[in-house]
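Chain letters run A, B, ... following the sequence lines, proteins first and then strands; every chain starts at 1. Computed over heavy atoms, backbone and side chain alike; hydrogens, waters and symmetry mates excluded.
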Amino acid sequence: MEYKIPRGTFDILPADSAKWQQVMSAFRETAQAFGYAEITTPVFEQAELFERSSGESSDVVQKEMYRFQDRKGRWLALRPEGTAPVVRSYVENHLEAQGRLTKLYYIGPMFRYDRPQAGRYRQFYQYGAECIGSHHPYYDAEIIALQVAFLRKLGLQKIELEINSVGCPNCSKIYDEALENYFEPHKEELCGDCRTRLQTKPRRLLDCKVPSCKAIAKGAPVMTDYLDSDCREHFEQVKSYLDKMDISYKVNPRIVRGLDYYTHTAFEFLNPALGAQNAIGGGGRYDGLIAQIGGKDTPAVGIAGGFERLLLSLEQEGITVSRPYRPQAYLVLLGEAARESGIRLLGQLRLSGFSVQHDPEKDSFKAQLKAADSSQARFALIIGEDEVKAGTVTIKDLAAGTQMSLPIGGVAQFLALS
RNA sequence: GUGGGUGUAGUUCAAUUGGCAGAGCACCGGAUUGUGGUUCCGGGCGUUGUGGGUUCAAGUCCCAUCUCCCACCCCA
């Protein structure tokens, strides 16, 4: 084979397309029900947009971003995530002028140079929703509720929600200092990764899987103990709204988001049955991002999720989301005279929106009926010499085996009514 | 980026100590020329992922490389 698909990418083949479209439209419907409008941004942006917003030191920027120069030497990057582009567009197009609150959703491919694994690809498809313009804790809960509604619409049962608050930059700073003070004396016992983390992002030490680090991290200070009264109150309000919405959750003070821009609420949707790549979706509040990108200081909260893992979960729970495609009719033509009126009829029916199949390379009656059968069509439309003379079409119900004759002009109406 | 596994027909899988690359399913055609599904018959030279090496002989052994899978890592 001469050409191969690039590593970590995949084709969505015809057999799977219906499934993907079904899940995507389920998300669109849910987002629209919550008052979100669709936005589509380019798959590449100025590299700096991501470097600034996600954080220079984040793994996404450091080792996973597809970064390249175009022919004029501009540094561009395939988007590794969806929030920064949406915010860029929000600022650039002055969407704030549309009203106090802007609710946007998106669907599209994202790119990360990662080692491929089940549920992890280099081009993967994400959906997301961003609620820009309010600090109110209701919206933190609403964005979570949007994801919950989407999962329920698909019929997924086994997905768990964990939430946390990482506070405002102020609490965050004090907490990071507390962590550093706690880990510093244990420095020699930590793994190499964690020693560098201690300098750059002490919070990442909390979810290190190395047993010795784990043991030390066990006694580490807990984020939620370091929230100031405003941050604590905001978190309490979010939880209370979730309770009002009948959404169950677990508070997990160790949730750490990979991107730098998160403040206050952070959350993750997990499917424990999925293996290593078990995060179905995640998000949180990012009150500082819009100002950082050059807009007015505007609070916002958002969520993103991955379709691949969603589809894996659906499969695992035995949920089928799409019906296979079936044409309404298969056109069987016998002889040259039939071909003329038959091809004309085929065109008319398709123009009217009926799905009709035909294969001019099969000429025996038997072969054509066989093809009609395996096409799963409901009816065979048969035109032979007799029908041409009479100006009729013989319509055979392939499941029942019954057939009837109709004038050629009445076929469209027949299909419309059946 | 690290470690482990894997790769044979469209697909799911066989192939003895190195000894002629096979089967089910799918697909195509046919069984007196205008009636399908069932049945029967016929149809397979495929760079055994790729490139080297060992050997009289390699799907099988060795080296390299790629893919996918699993874990680390990272995340959605």
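Geometrically, A/R79 does not engage A/F50 in a cation-pi contact, judged by NZ or CZ lying under 6.0 Å from the ring centre and within 45° of the ring axis. Annotation: cation-pi pair A/K239/A/Y241 absent, no NZ/CZ under 6.0 Å from the ring centroid and within 45° of its normal.
With hydrogens and angles left out, the side chain of A/R115 and the base of B/C68 share no donor-acceptor pair within 3.5 Å. Judged by atom type and distance alone, A/Q368 does not reach the base of B/U35 through any side-chain donor-acceptor pair under 3.5 Å. With hydrogens and angles ignored, no donor-acceptor pair closer than 3.5 Å exists between the side chain of A/E64 and the base of B/G1. One N or O donor and one acceptor, one from the side chain of A/K396 and one from the base of B/U35, sit under 3.5 Å apart.
In this structure, B/C61 forms a base pair with B/G53, meeting either the Watson-Crick or the G-U wobble geometry with both donor-acceptor distances under 3.5 Å. The partner of B/A15, taking Watson-Crick or G-U wobble pairs whose two distances both stay under 3.5 Å, does not exist in any strand shown. Pair check for B/G36 finds none; no Watson-Crick or G-U wobble contact set falls under 3.5 Å. B/G1 and B/C72 make up a base pair, with Watson-Crick or G-U wobble contacts both under 3.5 Å.
Of the candidate nucleotides B/A71, B/C75, B/U35, B/A71 has the atom nearest to the side chain of A/Q117. Here the side chain of A/D59 is nearest to one of B/C73, B/C74, B/C75, namely B/C74. With B/G29, B/G36, B/G34 as the choices, the nucleotide that has an atom nearest any side-chain atom of A/E385 turns out to be B/G34. In this structure, the nucleotide among B/G34, B/G1, B/A76 sitting nearest to the side chain of A/L334 is B/G34. Listed nucleotides B/C68, B/A76, B/G36 differ in distance to A/F124; the shortest reach to its side chain belongs to B/A76. Here the side chain of A/A118 is nearest to one of B/C69, B/G1, B/C74, namely B/C69. For A/R120, the listed nucleotide lying nearest its side chain is B/C74; candidates were B/C75, B/C74, B/C68. Closest approach to the A/A279 side chain among B/A76, B/A71, B/C74 is made by B/A76 (side chain taken as heavy atoms from C-beta onward). Closest to the side chain of A/F365, out of B/C74, B/G34, B/C69, is B/G34. Of the candidate nucleotides B/U35, B/U67, B/G1, B/U67 has the atom nearest to the side chain of A/K4.
Across all strands shown, A/E81 has no heavy atoms under 4.0 Å from either base or sugar-phosphate atoms. Nucleic acid contact class of A/F269 (heavy atoms, under 4.0 Å, all strands): none. If you check every strand for non-hydrogen atoms under 4.0 Å, A/G384 touches a base. Residue A/G8 is in sugar-phosphate contact alone, with no base atom involved, counting any heavy-atom pair closer than 4.0 Å across all strands shown. Using a 4.0 Å heavy-atom cutoff across all strands shown, A/E361 reaches no nucleic acid atom at all. A/G128 comes within contact range of no nucleotide atom at all, as no heavy-atom separation falls under 4.0 Å. Residue A/I280 is in sugar-phosphate contact alone, with no base atom involved, counting any heavy-atom pair closer than 4.0 Å across all strands shown. Counting any heavy atom pair closer than 4.0 Å across all strands shown, A/A276 reaches a base atom. As judged by a 4.0 angstrom heavy-atom cut-off over every strand, A/G119 is placed among the base-contacting residues.
The 12-atom threshold is not exceeded at CD of A/E315, counting heavy atoms of other residues, nucleotides or ligands nearer than 6.0 Å. Around atom CD of A/E38, more than 12 heavy atoms belonging to other residues, nucleotides or ligands sit under 6.0 Å away.
Side-chain contact, A/S53 with A/R88: no donor N or O sits under 3.5 Å from an acceptor N or O. Under 3.5 Å, the side chains of A/Q123 and A/T9 contain no donor-acceptor pair of N or O atoms.
Taking atom P in both B/C66 and B/G51, the straight-line distance is 15 Å, to the nearest Å. Taking atom P on both nucleotides, B/C73 is separated from B/G7 by 28 Å, rounded to a whole Å.
The separation between A/N278 atom CG and B/C72 atom P is 10 Å, rounded to whole Å. Distance A/L312 CG to B/A76 C1': 12 Å, rounded to the nearest Å. Residue A/E308 contributes atom CD, which lies 20 Å from atom P of B/C74 at whole-angstrom precision. Between the CG atom of A/D373 and the P atom of B/C27 there is a distance of 11 Å, given to the nearest Å.
With contacts defined as side-chain heavy-atom distances shorter than 4.5 Å, the pair A/E162/A/V251 does not qualify.
A residue-by-residue look at A/K362 and A/I5 shows that A/K362 has its nearest nucleotide of RNA chain B further toward the 5' end.
In this structure, the side chain of A/H358 engages the main chain of A/L331 through a donor-acceptor pair within 3.5 Å.
Of the side-chain N and O atoms in A/R112, none sit less than 4.0 angstrom from OP1 or OP2 of B/C75.
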